[in-house]
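Throughout, residue positions are numbered sequentially from 1 according to the sequence presented. Computed from a prediction, not measured in an experiment: that's the story for all the values here.
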Amino acid sequence: MHAQLMRALYASGRRAAALEVYQSLRRRMSDDLGITPSPTTRSLHHAMLQDRPDQRHLSAAGAVRRPCPAPPSAAP
């Protein structure tokens, strides 16, 4: 979920906010659980730090894609 939020923020031009999401996640995981974010999330963060994430980093692997519902038909 955090990686998806980071991708969305970065794609909308909010790089600083995307990086803050990672820092907040890393602090909470470290303080509360004694672990670090996943290698994929760390790789995304590193790419964003360099301001060079490629499509591999920006595509939401495993994201659920739902079709948009059809608009309601206008009743005569």
Side-chain angles (χ1 to χ4, degrees):
M1 296 288 287
H2 287 86
Q4 289 176 328
L5 175 57
M6 290 169 62
R7 287 183 192 99
L9 290 168
Y10 187 88
S12 67
R14 298 180 58 199
R15 179 176 173 243
L19 293 171
E20 180 54 38
V21 167
Y22 178 84
Q23 290 302 325
S24 176
L25 171 66
R26 186 192 56 75
R27 275 191 303 273
R28 281 184 281 141
M29 289 181 76
S30 176
D31 293 348
D32 297 347
L33 304 171
I35 59 175
T36 60
S38 71
T40 302
T41 304
R42 290 193 315 261
S43 175
L44 175 62
H45 175 251
H46 183 71
M48 287 181 180
L49 282 173
Q50 296 177 346
D51 205 17
R52 291 186 293 174
D54 57 23
Q55 192 59 37
R56 175 179 57 98
H57 290 107
L58 293 179
S59 66
V64 176
R65 298 185 187 263
R66 295 183 183 95
C68 294
S73 47

### Task
Could you verify whether a donor N or O on one side chain and an acceptor N or O on the other, from Q23 and R26, lie under 3.5 Å apart?
yes
#### Entry: Test side chain to side chain contact (heavy atoms under 4.5 Å, CB included) applied to L19 - qualifying residues, sequence neighbours left out
R15, H45, M48, L49
Using atom types as modelled, flag every donor-acceptor pair under 3.5 Å from a side chain in residues 27-35 to any protein atom, sequence neighbours excluded.
unit_1, atom_1, unit_2, atom_2, d
R27, NH2, E20, OE2, 3.1
R28, NE, S24, O, 3.4
R28, NE, S24, OG, 3.4
R28, NH2, S24, OG, 3.3

### Which residues share a side chain to side chain contact (heavy atoms under 4.5 Å, CB included) with R42, sequence neighbours left out
Y22, T36, P37, P39
### Query
Do you know the tightest heavy-atom contact between A3 and T41?
CB-OG1, 4.1 Å
### Message
If hydrophobic clusters are built from ILVMFWY residues whose side chains come within less than 4.5 Å, do Y10 and L44 share one?
### Response
yes
